[in-house]
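The structure under discussion appears below in the form of structure tokens.
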Amino acid sequence: MTTLVIAEHDNASIKGATLNTVTAAVACGGDVHVLVAGHNAAAAAQAAAQIAGVAKVIHADAAGLAHGLAENVAAQVLAIASHYSHILFPATAGGKNVAPRVAAKLDVAQISDITKVVSADTFERPIYAGNAIATVQSADSVKVITVRTTGFDAAAATGGSAAVETAAATADNGKSSFIGSEIAKSDRPELTAAKIIVSGGRALGSAEKFNEVITPLADKLGAAIGASRAAVDAGYAPNDLQVGQTGKIVAPQLYIAAGISGAIQHLAGMKDSKVIVAINKDPEAPIFSVADYGLEADLFTAVPELIKAL
Ligand SMILES: Cc1cc2nc3c(=O)[nH]c(=O)nc-3n(C[C@H](O)[C@H](O)[C@H](O)COP(=O)(O)OP(=O)(O)OC[C@H]3O[C@@H](n4cnc5c(N)ncnc54)[C@H](O)[C@@H]3O)c2cc1C
């Protein structure tokens with residue numbers, strides 16, 4: 001029994017979600033191999049070889065794999081899939097783009113968004129926006145799985161010494177091509193990797209107020225900024241800051257929700273945070289039911305006071 005983890009990387013380094021996925025892979029039992037499919041990605045392959053618990057890194061290098069195009073990465077996974085009992089992807093935008101293609105081609109059911117490995121064929125996954133946990137057992141010969149990264153600790157990025165093996169890269173299938181990307185540059189920690197998140201909701205009322213109130217608190221705490229969907233839909237915050245069922249799933253050490261009611265779709269993305277602080281002027285707001293610390297107050301007064309006190 002051997003598990004293949006599909007690494008998320010930028011050709012130079014391995015992204016954090018890969019480390020959590022390796023932990024899930026180790027829990028499946030057997031050896032863990034990591035596929036680094038990229039272009040000029042030797043540095044990423046070497047980084048993958050350092051991850052504790054990894055027995056082998058398979059490095060496939062070709063121009064068609066440079067940008068993680070789903071069609072080409074799926075073909076690369078399928079080229080080596082027959083050696084594996086489990087194929088694990090992080091449940092990120094990238095992983096979720098490739099995994100279903102692999103599962104469909106292998107004619108197996110994908111097991112999505114697992115939060116626990118019970119045994120080699122049995123897994124837990126949240127359903128109904130995290131309000132129930134389903135235990136699913138798969139009889140398929142190959143388990144194609146996406147891993148909710150907040151459900152597993154990150155494997156140590158160093159300490160391993162896996163061999164790096166070169167695999168023949170599959171041909172570019174030409175069904176899609178990379179045109180360009182616009183990557184927002186920020187000194188802030190990335191939302192899904194941040195230890196502290198300050199999130200704002202509809203109560204902020206405008207993009208200017210969101211920036212004026214939430215940003216200084218996040219600056220003070222070295223935190224990432226998040227937002228409710230209402231705040232994103234109203235244009236107060238960019239789309240990639242949305243936390244929740246249809247946004248990012250986060251589990252930081254500290255999550256501060258200011259002017260967020262706590263709809264179940266928002267809670268689905270943050271209720272596993274270690275400490276939750278809610279600032280809301282409505283004592284009945286559902287966010288208080290998951291908060292470790294609740295402050296019933298007007299955020300426009302409370303947040304500046306908090307910043308001053310820090
Ligand atoms: C299929 C589906 C998917 C969804 N996915 C997501 C998702 O991923 N993420 C998400 O967040 N939502 C999601 N939603 C939307 C969700 O249902 C809520 O509409 C949304 O979370 C509400 O955002 P909010 O809490 O900012 O706004 P509101 O619910 O309007 O809450 C605003 C809160 O601010 C408080 N407030 C107002 N003024 C102040 C003040 N001055 N000081 C302090 N508090 C104040 C109010 O008491 C209220 O509790 C989804 C909905 C659907 C149907």
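In each ligand, atom 1 is the first atom listed, and ligand 1 is the first ligand listed.
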Task: For Leu217, the rest of its hydrophobic cluster, which grows through side-chain links under 4.5 angstrom - done: Ile196, Val198, Leu204, Phe210, Val213, Ile214, Leu221, Ile225, Tyr236, Leu241, Leu254, Ile256, Val275, Val277, Ile279, Tyr293, Leu295, Leu299, Phe300, Val303, Leu306, Ile307, Leu310
Task: salt bridge (Lys or Arg N to Asp or Glu O under 4.0 Å) involving Arg202 - partner list, sequence neighbours excluded - done: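 Arg202 satisfies salt bridge (Lys or Arg N to Asp or Glu O under 4.0 Å) with no other residue.
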- [ ] Please answer: with hydrophobic residues joined when any side-chain heavy atoms are less than 4.5 Å apart, are Ile14 and Leu65 in the same cluster?
- [x]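 Result: no, two separate clusters.
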Open item on the list: I'd like the contact residues of ligand 1, where contact means a heavy atom below 4.0 Å.
Closed with: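 Residues within 4.0 Å of ligand 1: Gly201, Arg202, Ala203, Ser228, Arg229, Ala230, Gln242, Val243, Gly244, Gln245, Thr246, Gly247, Gly259, Ile260, Ser261, Ala263, Gln265, His266, Asn280, Lys281, Asp282, Ala297, Asp298, Leu299, Phe300.
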Open item on the list: Which heavy atom of Val232 sits nearest to which heavy atom of Asn239, and what is that distance?
Closed with: CG1-CA, 3.6 Å
Task: Results of side-chain contact (heavy atoms from CB on, under 4.5 Å) for Thr2 - residues two or more places apart only - done: Asp31, His33, Tyr84
Open item on the list: Is it true that Thr170 and Gln76 share a donor-acceptor pair across their side chains at a distance under 3.5 Å?
Closed with: yes
